[in-house]
There are 2 protein chains.
Amino acid sequence: MERDPVRAAVTLHDVAREAGVSLATASRALNGSTRKVNDAYRERVLAAAARLNYSPNLSAQAIARGTTTTVALLVADIADPYFSQIAAGVVREADSQGLIVTMAATERDAERELELVRALRGQRPRVMILAASRRDDDPSAEALAAELAAYESTGGRVAFISESGAAFREVRLENRAGGEALARALVALGYRSFAAIGGAEGIRTADDRLAGFRAGLESEGATLDRVVRPDFTRDGGYAGMQQLIADGLEGIEAVFAVNDVMAVGAMSALRDGGLVPGVDVAVAGFDDIPTVRDVTPALTTVRLPLEEIGRRALQLALGEAGDDGTPLATEVVVRASTPARG
Amino acid sequence: MERDPVRAAVTLHDVAREAGVSLATASRALNGSTRKVNDAYRERVLAAAARLNYSPNLSAQAIARGTTTTVALLVADIADPYFSQIAAGVVREADSQGLIVTMAATERDAERELELVRALRGQRPRVMILAASRRDDDPSAEALAAELAAYESTGGRVAFISESGAAFREVRLENRAGGEALARALVALGYRSFAAIGGAEGIRTADDRLAGFRAGLESEGATLDRVVRPDFTRDGGYAGMQQLIADGLEGIEAVFAVNDVMAVGAMSALRDGGLVPGVDVAVAGFDDIPTVRDVTPALTTVRLPLEEIGRRALQLALGEAGDDGTPLATEVVVRASTPARG
DNA sequence: CCTAGCAGGGAAAACGCTTACCAAGGGCGG
DNA sequence: CCGCCCTTGGTAAGCGTTTTCCCTGCTAGG
């Protein structure tokens, strides 16, 4: 594993010398400048660069050009399919634009998020995409907004996924409307009494979905009888359902978990409690992560085009998609976990 | 959404002026240098920096210091739980070391991988972690090795996850041994005749697992009767199982899919084909992604500590973990998808 | 044939930082 | 009380690029 002593990387200077031209010419030859360079020279430079395996130092370019090709992405947790799907969209779009993605995880901690924004700002990314979940009670929200405003005032662009609560661009998710539509769909299937597993209070996404769901139920004359609020994770969903079971599930026909990973955990809790999801009690989720096609019964949910969301967030930040672009298609997908009820 | 005209970002120069000290002093005050700076001065500088909301330009630091704080991560597809778990580990470890992760996706294309390595090299990352799956027949493998060697010769460090096929550091996964152990475990449960869903030929990871599995079976006197080789994805797993069903599943007691996402797809294919996984035919996978606890029946698999793998890869590249560190715990996890057989 | 204009190469400044080197001041040993 | 050394602030060089500006040598028009 031991290698030759470290030699310095090949610089443009080396290429220029090798090609027998000036630094300026080498620079112009290697990346489209407005200036034309003689074909013979260009050839020589390109050949020299290839021979030396030259790779331009992006930091140096950034500092000379005053602009980078970086986009920064902040998620709560990349291992969570919701975020990893979004991240995939961002990465794909970035790639198609020749941009490089740097990623950090807030671990659902607002303090950390602020620190990370500060740190990432040092990169002078062209764009920052914040996908980590907003909270209502976030004490550092103001500081975050200030930090981001400072970032934007120096030419950066911020895009939030879901609501920013401040004046930044955002890919708005139809959390409320989705919850509402799901409620109506379930009522239409014959369900009348519901419980919900909601995710810790204050998480905007969770709250909106829940509020929409409740509104949808009420508009149809159905009721949301119980709500538990565990963690916004698979294990939270499991625990939430356990709690519902412990408190007595009688009379509850369907349980809505505000996201799919929780719903999936909830179904496992049901099963471990000796109940059959979709038979003893219906379950529905939100997001339509890939997994839900493969659990049994397949999960009814609200589809969010997650990858598209990531892609859109980047486009939006780059100023390519209008702020008023077509809204993202959100759609209730009914599957076996909520069979029609006699 | 329109904001003030873009003003230039605050520079160290501004901070120094604001604090009434020299550039050098400001620099020394703001980041641990070997030199001490008078407390009064330090205070002034810190205050000025805070007042101006100064954020050091990382590119400039990189170029001045001759070293970055970046680690580059290459995965096949971040939306795949295998990679997203690994990425989570890398990100977490990087964070704890004050490093920033830049990520790119090869989309399972060796050409793209090479391009990405070239592009990422421009960042002068401290470390490059390659998690994208190696292939045996890869025509650009040599070019890749050359590129990486060049990168290492200028002080970079490469770490592969799984075998590099070349002289780079690597976190070796016990793919073969894991497959073998799984085979033995299944035989011990009473299974005798098997099929496998293998992932396209040439993918080293898939081939190793399969070879290990086959070896394990043979050493126990059992047989691997059929092998199909669809894509290395969930849909590949589904298609693979469909093919097995179409060709007739009679006599096959258990199916091994070389990774969990394929296994999960395969179980769905079984179910859609009117068969019950774990009852009509047993199914086992490899990786132990979180999902497999929640499918029905829960999936028997070989656990890989994915997040730990990501973390280790980074430590290894940074030279913190010995090359000969304790091997990663790989363990067969028997669940309901492979019930003991009479 | 002369000159205005343009094409294109090269020198050097600039980008925002770090750090080697210099210089000045203060403490301390003899 | 003198000289040294140590401490610490400042000056300036340097990192690898891009880009402005200058300058030369052609071309083309009159």
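Bear in mind that the values here come from a model prediction, so they are computed numbers and not experimental data. Chain A is the first sequence line, chain B the second, and so forth, proteins listed ahead of strands; every chain is numbered from 1.
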- Message: Measure NZ/A:K36 against C1'/D:dT19 and give the value in whole Å, please.
- Response: 19 Å

- Sort out for me which residue in A:T70, A:L74, A:L73 forms a side-chain contact (heavy atoms from CB on, under 4.5 Å) with A:L120. A:L74

- Query: Near DNA chain C, which residues from residues 47-57 of chain B have a heavy atom under 4.0 Å away?
  - Reply: B:Y54, B:P56, B:N57

- Message: If I take atom NE2 in residue A:H13 and atom C1' in nucleotide C:dA11, what distance separates them, rounded to the nearest angstrom?
- Response: 12 Å

- Query: Could you give the CZ-to-P distance, from A:R65 to D:dT20, as a whole number of Å?
  - Reply: 13 Å

- Of C:dC17, C:dT18, D:dG10, the nucleotide closest to the side chain of B:N31 is C:dT18

- Message: Check this for me: does any side-chain nitrogen of one of A:D14 and A:R17 sit under 4.0 Å from a carboxylate oxygen of the other?
- Response: yes

- Is it true that the side chains of A:T67 and A:R126 contain a donor and an acceptor less than 3.5 Å apart? yes

- Message: Can you measure B:R42 atom CZ to D:dG9 atom C1' for me and round it to whole angstrom units?
- Response: 13 Å

- Message: Taking the nucleotide of DNA chain D with the nearest heavy atom to each, does B:S22 or B:I63 sit closer to the 5' end?
- Response: B:S22

- Query: Under 4.0 Å between a side-chain N/O of B:R35 and OP1 or OP2 of D:dT8, yes or no?
  - Reply: no

- Task: Determine: side-chain N/O of B:T25 to OP1/OP2 of D:dG9, distance under 4.0 Å, yes or no.
- Result: no

- Item | Nucleotide of C:dT19, D:dT17, C:dC17 approaching B:A24 most closely (side-chain heavy atoms) | C:dT19

- Message: Can you tell me if A:T11 touches the phosphate of D:dG16, counting only side-chain N or O atoms and a distance under 4.0 Å to OP1 or OP2?
- Response: no

- B:Q61 side-chain N/O to C:dC17 phosphate OP1/OP2 under 4.0 Å: no

- Message: With no hydrogens and no angle check, just 3.5 Å: does a side-chain donor-acceptor pair link B:N31 and B:R65?
- Response: no

- Query: Hey, does the side chain of B:Y151 reach the backbone of B:V127 with a donor-acceptor pair shorter than 3.5 angstrom?
  - Reply: yes

- Heavy-atom count around B:E111 CD within 6.0 Å, excluding the residue itself: above 12? no

- Item | Atom-to-atom span, CD of A:Q123 to P of C:dC17 - whole angstrom | 14 Å

- Query: At their closest point, which heavy atom of B:S162 faces which heavy atom of B:E170, and how far apart are they?
  - Reply: O-CB, 3.7 Å

- Message: Let me spell it out: for each of A:L12 and B:N38, pick the nucleotide of DNA chain D with the closest heavy atom. Which residue's pick is nearer the 5' end?
- Response: B:N38

- Query: Any donor and acceptor pair, going by atom type alone, linking the side chain of A:R135 with main-chain N or O of A:G202 inside 3.5 Å?
  - Reply: no

- When the distance from CG of B:D14 to P of C:dG16 is rounded to whole Å, what number comes out? 9 Å

- Rounding to a whole Å, what distance do you find between A:R44:CZ and C:dG8:P? 16 Å

- Can you tell me how far P of D:dT19 sits from CG of A:L30, to the nearest Å? 14 Å

- Item | A:L23 side-chain proximity, nearest of C:dT18, D:dT18, C:dG10 | D:dT18

- Note on the structure: Of the listed C:dG16, C:dT19, D:dG9, the closest approach to the B:S27 side chain comes from C:dT19

- Note on the structure: Among C:dC15, C:dC17, D:dT17, the one nearest any side-chain atom of B:R124 is D:dT17

- Looking only at C:dT18, D:dT19, D:dG10, the nucleotide nearest the B:R28 side chain is D:dG10

